[in-house]
Structures are given as C-alpha cells and as structure tokens.
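The structure appears right after this line, and notes come after that.
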Amino acid sequence: MPDQVDRIQAQWARERPDLDVGPQGVIGRLHRLANHLTQQLCLVYERFGLSEGEFDVLATLRRAGEPYELAPGGLAEHTMVTTGAMTKRLDRLERSGLVTRRRSADDGRGRVVGLTPAGLEVIDRAFTEHMRNERRLLDELSPEQAEQLEALLTAWLVRYEP
C-alpha cells in the first residue's frame, strides 16, 4: 500500500525524471517517523510538566550519577544545545524547583547545576514512563525487525558521531 512518501516520490519522478528520487524513500520516511516519534515522546514529558529539552537536562544530570551535578557547559555539550538555550532551560527548571545553580567549590568563577530532591523524583518517574513509552513504540516492530533497525541505524549514525 503506497504511503505519503511513495506519492511524493512519484510526483517528483514525474516532474523531474532527470533526478534519482530514491533517497527520499529512506530519508523522507526517517524524517517523518522522527516527527511522529517525537510527538509521542513529548506526550510523556508534558505529563510531568516538562518540555523535551527540560527532560533532556534532567536526564543528563540524573545519569551523571551522584551528586547529580554538572557544569552548565558540560550540560550544553551533553545535550548538544547552545549555552544560551541551556540558560533558558535552566532558568525554567530552577523556577520550578527541579534544579539549583551554585558556585563551584573547585573554581569560584564556575557554576554547577544540580538536581534538587524534587528534580530527582520527577526525572525518575518521568524516565520510567519514558521507557514504557519507548517500549510501546518499539513493540510495533517484531524483535527481529527492531534488532535489524538498531544495527542499521548504529552503522549509519557512527559515520556522523564517531
């Protein structure tokens, strides 16, 4: 059964027969699937009053291990956002009582961001629900399909993120 990408490819093949529109079959579907998956993932974050970026910050702090602290620059690096974007996320999370910012004991000019007890509770609950949601989404494939897809995506992604 043709999907939206098939229809787009057919239109481009008709309009631009001089071009190979084959790559749209993979790239277009990955892009569309990523959008659908992001929508489904964000539903969980929203249940906990978080944006996708805020969830990412809390999760990064949580997986850093005790005492669940990182420098803002390290957070920005782990979450692949600019320091300006990180500041906005941290401002909101701090106002919500989920993180604190303090001067670094090692470097008086540096800052450290840490989870509050409330932040630790929220991210633990949100991450548990997030994993259930990801399992639900992945269960739409057979275990063999999921394993094959993971191997293919890993082989591809390592070329961009060695």
Side-chain angles (χ1 to χ4, degrees), residues 1-65 68 70-94 96 98-99 113 115 119-162:
M1 178 168 157
D3 64 9
Q4 183 65 19
V5 175
D6 288 323
R7 289 186 281 281
I8 291 169
Q9 282 181 289
Q11 290 168 340
W12 276 119
R14 181 190 69 233
E15 295 299 315
R16 291 294 310 270
D18 57 310
L19 293 177
D20 173 16
V21 296
Q24 280 187 325
V26 173
I27 304 296
R29 285 184 179 90
L30 275 175
H31 185 72
R32 293 173 69 84
L33 183 59
N35 289 337
H36 289 294
L37 293 175
T38 297
Q39 287 174 355
Q40 292 297 308
L41 297 176
C42 286
L43 292 174
V44 170
Y45 310 147
E46 290 166 8
R47 278 188 229 139
F48 292 91
L50 302 171
S51 69
E52 183 178 22
E54 292 161 353
F55 175 89
D56 196 21
V57 168
L58 296 178
T60 300
L61 289 168
R62 177 62 172 96
R63 69 178 185 266
Y68 313 116
L70 289 170
L75 265 173
E77 181 181 312
H78 282 88
T79 58
M80 297 184 289
V81 298
T82 65
T83 54
M86 181 56 64
T87 298
K88 288 180 183 178
R89 290 177 184 179
L90 293 177
D91 287 347
R92 183 170 184 288
L93 289 167
E94 190 173 37
S96 300
L98 301 178
V99 302
V113 178
L115 286 176
L120 180 61
E121 182 202 345
V122 166
I123 192 55
D124 278 349
R125 288 180 27 238
F127 187 70
T128 298
E129 187 61 30
H130 174 68
M131 286 294 91
R132 282 190 196 115
N133 192 33
E134 284 195 351
R135 171 54 50 207
R136 176 186 66 82
L137 293 167
L138 199 55
D139 281 348
E140 294 179 15
L141 300 176
S142 72
E144 296 78 20
Q145 289 172 322
E147 189 176 316
Q148 290 171 342
L149 183 58
E150 182 178 10
L152 289 169
L153 293 174
T154 299
W156 198 1
L157 186 58
V158 77
R159 294 175 186 191
Y160 292 92
E161 298 178 359

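Throughout, numbering of the chain's residues begins at 1 and tracks the sequence. In this text the structure is predicted, and so the values were computed from the model without any measurement.
For the residue pair C42 and E52, the shortest heavy atom distance occurs at SG-CB, 4.0 Å. In this structure, E54 and R89 approach most closely via the heavy-atom pair N-CD, 4.4 Å. When all heavy atoms are compared, the tightest approach of Q145 to L141 is OE1-CA, 3.5 Å. The two residues P72 and L90 make their nearest non-hydrogen contact at CB-CD1, 4.4 Å. For the pair D20 and G22, the tightest heavy-atom approach, listed with the atom from each and the gap, is OD1-N, 2.8 Å. When all heavy atoms are compared, the tightest approach of G25 to V5 is CA-CG1, 4.0 Å.
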Check your understanding: Yes or no on side chain to side chain contact (heavy atoms under 4.5 Å, CB included) for E147 and E150, after CA distance, side-chain angles and deciding distance?
Key -> CA-CA 5 Å; E147 189 176 316; E150 182 178 10; 5.7 Å; no
Quick one: do M86 and T79 satisfy side chain to side chain contact (heavy atoms under 4.5 Å, CB included)? Show the steps, please. CA-CA 9 Å; M86 181 56 64; T79 58; 3.1 Å; yes
- Item | Test log, rule side chain to side chain contact (heavy atoms under 4.5 Å, CB included), inputs L153 and L30 | CA-CA 10 Å; L153 293 174; L30 275 175; 4.2 Å; yes
Take L61 and V99 through the test side chain to side chain contact (heavy atoms under 4.5 Å, CB included) and record every step on the way to the result. CA-CA 9 Å; L61 289 168; V99 302; 3.9 Å; yes
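Between F55 and H130, the ring planes lie tilted relative to each other; the angle falls in the 30° to 60° range.
Of the options L138, L41, T128, a side chain to side chain contact (heavy atoms under 4.5 Å, CB included) to N133 is made by L41 and by none of the others.
The backbone N or O of I27 sits nowhere less than 3.5 Å from a side-chain atom of H31 that would complete a donor-acceptor pair. The main-chain N or O of E121 is never found under 3.5 Å from a side-chain atom of D124 such that the two would form a donor-acceptor pair.
With no hydrogens or angles considered, no side-chain donor-acceptor pair links R32 and N35 at under 3.5 Å.
In this structure, the side chains of L98 and F48 stay at 4.5 Å or more apart for every pair of heavy atoms. With a 4.5 Å cut-off on side-chain heavy atoms, V26 and R29 do not count as touching. For the pair L75/V81, no side-chain contact is recorded, criterion being any heavy-atom separation below 4.5 Å from C-beta on. A heavy-atom distance below 4.5 Å is not found between the side chains of V113 and L93. Residues L115 and R62 form a side-chain contact, since some pair of their non-hydrogen atoms from C-beta on lies under 4.5 Å apart.
Rounding to the nearest 0.5 angstrom, the gap separating the OH atom in Y68 from the CG atom in L58 is 13.0 Å. Taking NE2 of H78 as the start and CZ of R63 as the end, the distance is 7.0 Å to the nearest 0.5 Å.
Look at E129 and R125 and you find no salt bridge, because none of the NZ, NE, NH1 or NH2 atoms lies under 4.0 Å from a carboxylate O.
At most 12 non-hydrogen atoms from other residues, nucleotides or ligands lie less than 6.0 angstrom from CZ of R159.
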